Each structure stands twice: as structure tokens, then as C-alpha cells.
Amino acid sequence: MANVTDGTQAKAQVVAAPQAIATGKTTIEDGVVAKIAGIAAREVSGVHALGGGAARMVGAIRDALNTSDLAQGVSVEVGETQVAVDVTIVAAYPVSLQKVADDVRAAIHRAMVDLVGLDVAEVNVTVNDVHIPSDDDTEDAPETRVG
């Protein structure tokens, strides 16, 4: 007697054996958390710089030496399951200070949850200064009356 099939072959199912999950503890240093928060804050539109006056001055020197401190202007408190972040920003003029602060808060919150894996207790944003683009222009300095 002939074996009649519909032309399809049976497919083998491959089931991966469950791998053992290694146990242990992951520790993320405060500096790493601060750096991630700093990167997230810098990516927000309307943020000109991070940190207060002295920190920005030291940051300018570090930038000239090509050793930027991405955690400049950021302080963190890291617990077992939560993190609190304080960040000081310089806003670019003209932006809504409340909007840029809210956007910074949201960006840091996302980064802490997505990248660090911790719940966020709070994100405090301090607007330390407003950067006016004309402050950088030395060519447009007003003429003096005396020579």
C-alpha cells in the first residue's frame, strides 16, 4: 500500500533548555548614576550648561583639556531601590524656565528607570542662570565714546 501525504513535512520544534540564572548583587556607583543623569539633562532642549558658576569655570578648563565631567552640576543619593537627583542648570534664553525644568525632570526620570533600573524618589532642578547668546559675541560690543 502506498503512503499518501499532502506534500508537507513535519517540522521539528526546538525547545531551548532553561539556563541557570546566576545570582548575585549589582552595585551601581553614585558617580555612574550622576553621569547618566547629567547626560540626560544635557540632551534637553533649552539647557545651555550644568552647574553653578565655579563648577562651570572648572568645567571649561576640563573641556579645554578634553576631560569633560558629565556629572558636573549633578548630585545623587542612591539607595537600594530608589534614587534622588539634584541638578543645577543654566537655561538658554529665551525658554520657559518651568518647561525646561519639567523636561529635565522627565528626562532624568526616564534615564533612571530605563538605564539604572531604580525608582525615582525625586528630581530637584535648580535654574542657576540664564545664558544670553549675545554674551558670547565680543564682535558686537558697543563702541566706546573715548579712544
Side-chain angles (χ1 to χ4, degrees), residues 3-142:
N3 187 4
V4 179
T5 63
D6 62 357
T8 61
Q9 297 179 357
K11 296 184 180 176
Q13 291 184 340
V14 177
V15 179
Q19 295 180 348
I21 298 175
T23 60
K25 180 179 179 182
T26 301
T27 303
I28 302 172
E29 295 290 329
D30 292 5
V32 174
V33 176
K35 187 179 284 190
I36 291 171
I39 292 169
R42 280 180 175 78
E43 291 177 347
V44 172
S45 177
V47 172
H48 175 72
L50 298 185
R56 289 196 322 265
M57 191 178 321
V58 171
I61 294 168
R62 291 182 73 134
D63 287 344
L65 298 174
N66 219 10
T67 59
S68 297
D69 179 12
L70 297 176
Q72 172 184 311
V74 179
S75 64
V76 297
E77 288 182 47
V78 182
E80 290 291 322
T81 60
Q82 289 186 321
V83 62
V85 180
D86 296 320
V87 61
T88 301
I89 67 168
V90 176
Y93 183 84
V95 297
S96 164
L97 299 180
Q98 288 299 326
K99 181 178 181 340
V100 76
D102 288 344
D103 291 349
V104 166
R105 193 172 290 110
I108 290 175
H109 186 276
R110 269 191 314 274
M112 294 299 105
V113 172
D114 294 347
L115 301 177
V116 181
L118 294 174
D119 293 327
V120 180
E122 63 183 8
V123 177
N124 298 310
V125 179
T126 301
V127 180
N128 180 278
D129 198 1
V130 175
H131 176 261
I132 301 170
S134 64
D135 287 347
D136 293 337
D137 298 336
T138 56
E139 297 174 12
D140 297 333

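Predicted, not measured: the structure shown is a model, and the values here were computed from it.
- Here Arg42 pairs with nothing under the side chain to side chain donor-acceptor pair (under 3.5 Å) rule; sequence neighbours left out.
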Report the C-alpha separation of Leu118 and Met112 in whole Å, then their side-chain angles, then the decisive distance to 0.1 Å, and conclude whether the side chain to side chain contact (heavy atoms under 4.5 Å, CB included) test is met. CA-CA 6 Å; Leu118 294 174; Met112 294 299 105; 5.5 Å; no
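- Residues satisfying the side-chain contact (heavy atoms from CB on, under 4.5 Å) test with Ala41, not counting sequence neighbours, are Leu50, Val87, Val104, Ile108.
- Here Asn124 pairs with Asp86, Glu122 under the side chain to side chain donor-acceptor pair (under 3.5 Å) rule; sequence neighbours left out.
- Residues passing the side-chain contact (heavy atoms from CB on, under 4.5 Å) test with Glu29 are Thr27, Val32, sequence neighbours excluded.
- The one candidate from Val83, Val78, Val116 that meets the side-chain contact (heavy atoms from CB on, under 4.5 Å) condition with Ile28 is Val116.
- Counting heavy atoms from C-beta on, the side chains of Val120 and Val85 never come closer than 4.5 Å.
- Listed by chain and residue number, Ala71, Val74, Val76 satisfy the side-chain contact (heavy atoms from CB on, under 4.5 Å) test with Ala34 (two or more places apart in sequence, or in another chain).
- Contacts classified as side chain to side chain donor-acceptor pair (under 3.5 Å) and involving residues 95-113 (residues at least two apart or in different chains) are given here: Lys99-Asp103, Asp102-Arg105.
- Scored by the salt bridge (charged side-chain N to carboxylate O under 4.0 Å, His left out) test, Asp30 finds no partners at all (sequence neighbours excluded).
- Residues forming a side-chain contact (heavy atoms from CB on, under 4.5 Å) with Leu97 (at least two apart in sequence, or on another chain): Ala91, Val95, Val127, Val130.
- Between the OG1 atom in Thr88 and the CG atom in Asn128 there is a gap of 6.0 Å [rounded to 0.5 Å].
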